[in-house]
Amino acid sequence: MSEHAAQVLLDANRTIAEISPLLFGGFIEHMGRCVYEGIYDPESPLSDEQGLRTDVLDALRAQRYTVMRYPGGNFVSGYNWLDGVGPKDQRPRRKELAWQSLETNQFGTNEFMAFCRAIDTEPMLAVNMGTGTIQAAADLVEYCNAPVGTYWADLRAQHGFAEPHNVRYWCVGNEMDGPWQIGHLDAVEYGKKALEAAKMMRWADPTIETVLCGSSNDRMPTYPEWDRTALEIAWEHVDYHSMHYYAGNPQDDTAGYLASAILFERFVETLEGTLRYVKAKRRSKHDVYLSWDEWQVWYKGDPLQGDWTVAPHLAEEVYNLEDALVVAQWLNVFLRKSHVLKIACVAQVVNVISWLQTRRDGLLKQPSYYVFELVSNLARGKALDVHAAAPAVETDEYGPAPMLDVAASFDEATGQGAVFIVNRSQDAAVTADCIWQNDASVQIAEAWQLAGTDPKAVNTWDAPNNLIARRLDAPVMNNGTATLRLPPLSFTVLKTSAGMQNS
Ligand code: AHR
C-alpha cells in the first residue's frame, strides 16, 4: 500500500449556500416489492395495525428522510389515483403495464400519507402525464389539499380524512422524455401539457410547488435540448426541474466508477447553465432550481418485468463497498451544488434498487444505508467551499481524479459542523491534515469510518455487519488542525462542535 499526504482546508466564512433539508429525500414506487412487502405488509409479524412494517419504519426514521416522492416512477404514467382511495375491498385489481405486474391498490394516496406521518417526512406526489389528464391532476391536488366543502375534498373526508393532507411538492409527470414511458411525449408536447397541468394544479392550490420532468439521464439523445425546450415553455409555472440518474460499474472499471462524482457534477453544471439560459431568454424574475428526484446505483441486471404477479422481486440490487463510496460522493456533490440543487430523492427506499432489503421476518442493511444515514443526520446549515489538495488517481474515463472527494457543512445556529471525506484510491492511504482556517478552537466531537479492502465486499443475511460505519476515536485537534489517516476505499465522517466562529 502506498502512502500520500493531503490537506483539507475549511473555513466557515467560505460558504456555498444554505443546505436545503429536502436534499435527503427518498422515493417509493409501486414497483416490485417496494410498497408491498417493503413498506406495507399486513401478513408480516413485524407490521403494525395499519399494515406498515415497523422495522422498516424504524430504519427509515434513522435515516431521517425529509421528503418522500410517490407513487412513481414509470408506474405513475398509467395510474388512475382514484383506484387507490376509498374502501379497500372496492379497489380494483389491475394489470400494471409499466412493470408488467398485478396491482391490488391496497396501498394508495391516503395510506401513503399515513406512512409519511409515521416517519415524519414531507410527501411529494407525482401526477400522471402519460394516460392522465390535466383535469385529473388538478382533482388530485384538490382531493389532497382543499378544506372540506367541495367535491374532491368531501370525497377525501368521506374516505376518512377530514383534514387536508397539505401536500406541497408535486412532480408534473415522470421521465416523459423516455420512449419507455407510458404516453411518452416530445419536449414541446410535454412542455405544453406540463404548463397547463401545473397552471390548473396551482389554481387548485396556489401554495404548491411544482417539478418539471427533465431528461431521464445525460445519455438521452434529446439531452439537454429536452430540458431547454420544456423549461422555455413551462418556466413561469414550475419551481424545480428534475434530474434522474442511475450509476453503475457494468464494465468493472472500479477506478473510473470511483470517480463518478466528476460525472455527477458535470450533469448538474449543464442543467444549471440551462436554467440560467432560459431565465435570461425569458427575461424572467422567477427562479427554477434542480430536483434530483431519482438517484441511486443500479446496474446489476435483476428482472424488470413482474410476469403479472403481485410484488415480484424486481431490481433488488446487492450493493458492495464501491457502490457505497459512489453514494458518499453523490451526497458530497449535493452539498457542493447546494446553491442550485434543492431536492434529491434516492430511488428507492426499500427492496427495489435499495440499500434496505426485507424478508417477511427480517431486514438487511446494505453498506450504503450507513453512508446516507450519516450524511442525512449531520449535514446542516451551510455547505462549505472546501479546498482539498490531494494527489490524483488515474482513470481511463476521466483522466486524473483527486484521490479525496470532500464536502463539509457548518451550522451557525448550533455551532455544529461536519466533514465528509471519500478516499477513492484502491491502494493508497492518505494522511490528511484537516485545517480549520478561521477557528483554532474547533473540536471533533465524533468520527465514523466505513472502509474495507475489497471493493466488491457486501453485507449478507449471515454477515449483516461486514460493512458498517464504525465509530473511530475522535482525532486529536491541535490548534485547529487534525491529522487523519484515511485508508484506501474509505468514507470518513467528522462531527465538529462549537468553536468554529464566523469572524
Ligand atoms: O426507479 C425505477 C424507475 O427508474 C422509475 O420508475 C423510472 O422513473 C426510472 O426509469
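Here the structure is a predicted model, which is why all the values come from computation and not from measurement. First listed ligand is number 1; within each ligand, the first listed atom is number 1.
Close placement of the Trp295 and Phe334 rings is indicated, their centers lying within 6.0 Å of each other. Checked against the 6.0 Å centroid threshold, Phe161 and Tyr143 do not count as a close aromatic pair.
The contact shell of ligand 1, taken as protein residues with any non-hydrogen atom closer than 4.0 angstrom, comprises Phe27, Glu29, Met31, Gly73, Asn74, Trp99, Asn174, Glu175, Tyr246, Glu294, Trp298, Gln348, Ile353.
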Please set out all donor-acceptor pairs under 3.5 angstrom arising from side-chain atoms of residues 456-464, sequence neighbours excluded.
from   : atom 1 : to     : atom 2 : distance (Å)
Lys456 : NZ     : Asp252 : OD1    : 2.7
Lys456 : NZ     : Glu322 : OE1    : 3.4
Lys456 : NZ     : Glu322 : OE2    : 2.7
Asn459 : OD1    : Asn466 : N      : 3.3
Asn459 : OD1    : Leu467 : N      : 2.7
Asn459 : ND2    : Lys365 : O      : 3.0
Asn459 : ND2    : Pro464 : O      : 3.1
Asn459 : ND2    : Leu467 : O      : 3.1
Thr460 : OG1    : Asp462 : N      : 3.3
Thr460 : OG1    : Ala463 : N      : 2.8

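Within the structure, every pair that satisfies the side chain to side chain donor-acceptor pair (under 3.5 Å) test and touches residues 333-350, not counting sequence neighbours, is listed here: Glu29-Gln348, Glu265-Arg336, Glu269-Lys337, Glu272-His339, Arg336-Asp405. Pairs engaging residues 307-316 under the salt bridge (Lys or Arg N to Asp or Glu O under 4.0 Å) rule: Arg33-Glu316 [sequence neighbours left out].
We find that Arg53 and Asp58 are not joined by a salt bridge, their nearest charged nitrogen and carboxylate oxygen being 4.0 Å or further apart.
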